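Reckoned from all heavy atoms, side chains included, excluding hydrogens, waters and symmetry mates. All chains are named by letter (A, B, ...) in the order of the sequence lines, taking the proteins before the strands, and each is independently numbered beginning at 1. Quick caveat, the model's predicted, so the values are computed rather than measured.
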Amino acid sequence: MNNDSDDSRPSPEAMLKLAQAEEAQADRGKLKIFLGYAAGVGKTFSMLSAARQRKREGRDVVAAYVESHGRDETDALLAGLETMPKLRLDYQGVPLFELDLDAVLTRHPQIALVDELAHTNAPGSRHEKRWQDVQELLTAGIDVYTTVNVQHFESLNDVVEKVTGVVVRETVPDNLLDLAAEIQLVDIPPDELLERLSEGKIYIPEQAARAMEKFFQPGNLIALRELSLRRAASRVDDQMRSYMEARAIPGPRTVAERLLVCISGSPFGEKLMRTTRRLADEMKAPWHAVYIETPDTGRFSRENRKQIWRDLRLAESMGATVASVTAATVAEAVAEYAGRHNITKIVVGKPTRPRWRELLRPPIVDQIIRASGEIDVYVVSMNPGERRTATQQRRQLRTIPWAGHAAAMILVAGATLLCSLVQPFFSPTNMVMFYLLAVVLAAVRLGLQPAVFTAFLGVLAFDFFFVPPVFTLVVADTEYLLTFLVFLTVGLVISSQVARSRERAEALRLREVQTASLYYLSRDLAGAADLVAITGAVLRNIRESLKAEIVIFLADGEQLKIISASENLDLLDLKERAVADWTFRNHQEAGFGTATLGSADLLYLPLKTSANILGVLGVRMTDPADYNSQQHRLLLDAFAGQTAMALERVRFSQQAEQAQILQARENLERALLNSISHDLRTPLASITGALSSLRDQEGLDETARTELLATACEEAARLNRFVGNLLDMTRLEAGAVRLKYTPCDVEELIGCALSVLDPRLGKREIAVRLPPDLPLVMLDMGCMIQVLVNLLDNSLKYSPQDQPIGINARTDREWLVMEIIDHGPGVAEADLERIFDKFHRVPAPEGARGTGLGLSICKGFVQAHGGTINAAITPGGGLTVTIRLPLAPPPQTEGSTHG
Amino acid sequence: MDETKPGDHPPRILVVDDEAAIRRLLATVLESSGFVVHPAENGSLGLAAAAAVRPDLILLDLGLPDLDGVEVIKRLREWSPAPIIVLSVREREDDKVAALDAGADDYLTKPFGVPELLARIRVSLRRVVDQAPEPVFHSGELEVDLARRLVLVAGQEVQLTPTEYEILRLMVTHAGRVLTHRQLLSRIWGSSHLEQPHVLRVNISNLRHKIERDPSRPTVLLTESGVGYRLRADP
């Protein structure tokens, strides 16, 4: 953390900073700022000259938005460059022309020229400000050349106002200047500028003519020029410093200063922050802006809370580290924060409250000075004229707890009653204890103000009722004055202490609630194994702890899809979706309560982990003020982070599962390929062998020739069967089996199957047993013939020649039951299920070769009929395959389609 | 081969098939059996050749590149009575039925054996030669005397219902050739029964039980799965 280490190696922190900066630069576009101090110094001209130079060097340069203001020299420079058309927006009937951000992103040049960085976009644009457009271009990896005048920088805003009297409304965050890869100062002497102005060479918009007149005073110009020169110089200094830091070049080092400013939503907050930023710049020190949430702030108005939120944003944009701390008192929290972050200087505003109020409570400045120990405290003066406009003024909601005060009166009345009861036995000084008890009770139960009220009321009551002369406020014995004083002091101390501990407990409770809700979410997420469970947990937890409705988008390829949403949010219009989309593409929050696309109804937060963006969380708070509540936003951010991590975890496990499925499919495909190559090549080899020997081999006798021919014919038939199976399998796989149901005579069906196998049956006994009254059955005859052929083929192959094959058929209620019974070696019990799997081959006797397809085709066809197929062991050995088919075809449209 | 020849010339066969290997095989096989073969490689060339050559029989592949096979049959049937035998693969049963219903005489499923092909050709050519069937038909143990309406199996008379007899008579007059379900239904019961295939199944089943030795392995009244029935003719 310190720069005062003696060894000359670069500190790890410096290296990290450099690495991060370089990394961030790697895929981001580079920003070059042409910095001037007034209109007409030639920023646009310089930018265009530089752009032309780049173009000559072969870079892809595009003028994304350049205002020539009709100046010939500018036009001439622009002529050689590709100019993007501007986006026309009609605002209240007036056409406004803006940078066409999407067009530039699509065009994706290497360098885009964007004039007037500080410009405020027309309503309806994506971003409020042009510098946000520029940031998006940079994020997309496009280098940007842009122009800006020094007075537009956030931290110089008030200085400029003071110097020139002109309020500059269009501001640019300072860190943009820090992020710029290069800053080119465009400078001409003020005399020359004024000369150009008098020659009419400077474009001044009509509506700003008066303001500009004020602006172009020699004194102003000199001051502004100095500002711009100093800004550029400090930038060079910065670069030098970070270079030396990173390379560990010893040099004059500044003491590590750290500044802290508190934000309270006060009307002077903005000035305080600008002052702090300037101080920090001069000291080359980092600065922190802290908002301290105390029990008091709970009574802040909604407007005030919004102001705090705006101030924190402003501080962030001026490069501050922003934090929000919950504590009992401001002074303690400031001191503690300062101690923890090695703060060396605290900046506070000079109090503006009337003096009499300071008597009641010391000003926070004093408290801080007292609590801050060695830390310097800078007190900045506040000119009441610099207050914000009325709408932005702090309005503290002063709810006077009337009920509390009424209760306090009752307490005092009770104490008085008790005292009157015990009066005969106690001396009056001891009766004070009852009143003290009342104060304690009030402090514990009712809060600070009623307790203080009780203390005062107690003194009065005691004086009135019990201090002689009674029933007057006159005190006869001056000793009682001491009693009063001590009682009052003790009462006030007790009140404040009790109240403070109460408030501290309340603050703790709030923290506790937050921690608990985070804990519940993380617990629920840890238990969630799939997407549905995760989104359910997120939905439930955010609804419970934030009273908010949410919608979760997840990335589906390049698209965002709504995965889950609260009831009222499942239908989002295109505009909302576009905002969500923007958040997704830019990995940044957008929508309501942010500076980007703030007109949206919902707030959108990116669901991102360190490596990936997984989706977007859309939030609608029940109370719009909650959007600006630091507490809510922190909690939301934490929720979004947790959700993203859980989603990523599920995605990883899904990917692993997918990989497994792919592996299984790959195995199956390999088996298929093996089977096909084996089953196609084997018969082909036999046929080729037989035919080639018939053609080329001389001296074959008649028997050999007959044998070879028979082999070739048989193998060709086998090949044909295999191709048929393969086709059936493909049709089944593709879901292209269209069953053609016809009324079918089972005997005929069996006959057809047997006639197909006729050449191979030889003398084998086939025992067909059919009841005489077997009805016609609706089925696809072609498919069922194939099923029987495959089953019989199997039986023929696996059972010995002299064993009969039985074919039985009967009806069983609504089913036709067919059995194919053989007396071969059968199949192991464990394999009975698996023989219908694709490419499952039972170890076959010598010569019996199967494709491993036949039975799985049977299964496919039977199932397509709505039937079942099972294998069992034939009593006495062998395999019995049972097919059950519904007598009536399953209800289908047109009765023919099936997958 | 001792072929029955219409007129004096050897029978001319037009082979329409887009596969050169099949054309070559058929040319070799058929020419060695005494036929004159005219090959055509697609539907339009086939139609042109049919008009020019006036073949005695046409072997037509259904899967032609240019024209639908059924379309070719329809156009041929507009003017030519020559028997058409359709060649097709198993997966296109519907095409076969459509071809037969459009006027083709018979079909063969690829791959086919040459003896089977020659037998079919002979049967179809015979139809052209003598329209009137022989008065007494023999196939295996079955003997049908159409003149006397007498059906004998292994010399024993068999009693048939009128419908069964009608079916058998129709099949005898087309012996050796396939009759589609549609053809049978419309000729026996009339076109109103076209959508009631079960009456045909039941009658065929009954008929088999009367004329076949083992009805589950018929040898005379054969099923052409998905297409129709064929009565085996003694060669």
Side-chain angles (χ1 to χ4, degrees), chain A residues 687 709 713 716-721 723-728 730-731 736-759 761 764-770 772-786 788-789 807-809 896, chain B residues 21 25 28 88-98 108-116 167 178 180-182 184-185 193-232:
Chain A
I687 296 166
L709 283 170
C713 281
R718 187 151 84 97
L719 196 58
N720 188 37
R721 279 200 305 279
V723 172
N725 273 340
L726 214 53
L727 285 171
D728 284 340
T730 315
R731 286 196 305 154
V737 178
R738 294 177 66 87
L739 295 183
K740 220 172 74 183
Y741 280 99
T742 51
C744 194
D745 177 14
V746 177
E747 187 170 49
E748 187 173 49
L749 181 72
I750 295 169
C752 287
L754 289 173
S755 83
V756 171
L757 292 165
D758 198 51
L761 286 177
R764 173 83 76 143
E765 187 192 338
I766 308 288
V768 181
R769 281 181 292 273
L770 303 171
D773 56 347
L774 208 56
L776 295 180
V777 183
M778 291 299 284
L779 42 79
D780 183 311
M781 193 137 164
C783 285
M784 286 317 295
I785 290 174
Q786 197 56 45
L788 290 183
V789 166
I807 305 174
N808 295 348
S896 61
Chain B
L25 169 77
T28 314
S88 148
V89 290
R90 173 163 77 94
E91 282 64 37
R92 310 195 53 174
E93 257 160 22
D94 291 349
D95 293 356
K96 285 186 289 204
V97 176
L108 264 179
T109 301
K110 287 180 184 175
F112 48 79
V114 173
E116 185 72 18
I167 295 171
V178 70
T180 65
H181 297 133
R182 204 182 161 79
L184 283 163
L185 282 166
H193 280 68
L194 281 180
E195 301 307 322
Q196 294 175 15
H198 54 277
V199 296
L200 178 61
R201 301 295 161 110
V202 173
N203 277 287
I204 293 281
S205 174
N206 291 341
L207 196 52
R208 273 191 183 136
H209 279 265
K210 289 174 181 172
I211 63 172
E212 294 280 3
R213 184 171 287 268
D214 178 358
S216 66
R217 296 179 74 175
T219 54
V220 179
L221 182 45
L222 308 176
T223 304
E224 296 288 337
S225 146
V227 179
Y229 296 98
R230 184 195 302 276
L231 198 66
R232 183 197 297 262

What part of D758(A) lies closer than 4.5 angstrom to a heavy atom of chain B: side chain, backbone, both or neither? side chain

OG of S216(B) to CD1 of I766(A): how many Å apart, nearest 0.5 Å? 9.5 Å

Under a 4.5 Å heavy-atom cut-off, does chain A meet the side chain of P197(B), its backbone, both or neither? both

Of the backbone (N, CA, C, O) and the side chain (C-beta and beyond), which part of L774(A) lies under 4.5 Å from a heavy atom of chain B, both, or neither? neither

Check side-chain hydrogen bond (donor to acceptor under 3.5 Å, both in side chains) between N720(A) and all other residues, then give those that pass, not counting sequence neighbours. none

Over 12 non-hydrogen atoms of neighbours within 6.0 angstrom of CZ in R764(A): yes

Do T742(A) and H181(B) come within less than 4.5 Å of each other through their side chains, counting heavy atoms only? no

For the candidates E224(B), R201(B), Q196(B), which exhibits the highest count of non-hydrogen atom pairs separated by less than 4.5 Å from chain A? R201(B)

How far apart are the closest heavy atoms of E747(A) and P215(B), and which atoms are they? OE2-CB, 3.5 Å

Once rounded to the nearest 0.5 Å, what's the spacing between atom CE of M784(A) and atom OG of S225(B)? 12.0 Å

Between L200(B) and chain A, which part of the residue has a heavy atom less than 4.5 Å away: side chain, backbone, both or neither? neither

What option among L749(A), L761(A), I750(A) has the most heavy-atom pairs under 4.5 Å with chain B? L761(A)

In this structure, CG of D745(A) is separated from CG of N203(B) (nearest 0.5 Å) by 11.5 Å

Pick one of side chain, backbone, both or neither for H209(B), based on which atoms fall under 4.5 Å of a heavy atom in chain A. side chain

One should read off an interatomic distance between T223(B) OG1 and M781(A) CE, to the nearest 0.5 angstrom, of 5.5 Å

Is R208(B) salt-bridged to E748(A), going by a charged N under 4.0 Å from an acidic O? yes

Heavy atoms from other residues, nucleotides or ligands near CZ of R769(A) exceed 12 (cutoff 6.0 Å): yes

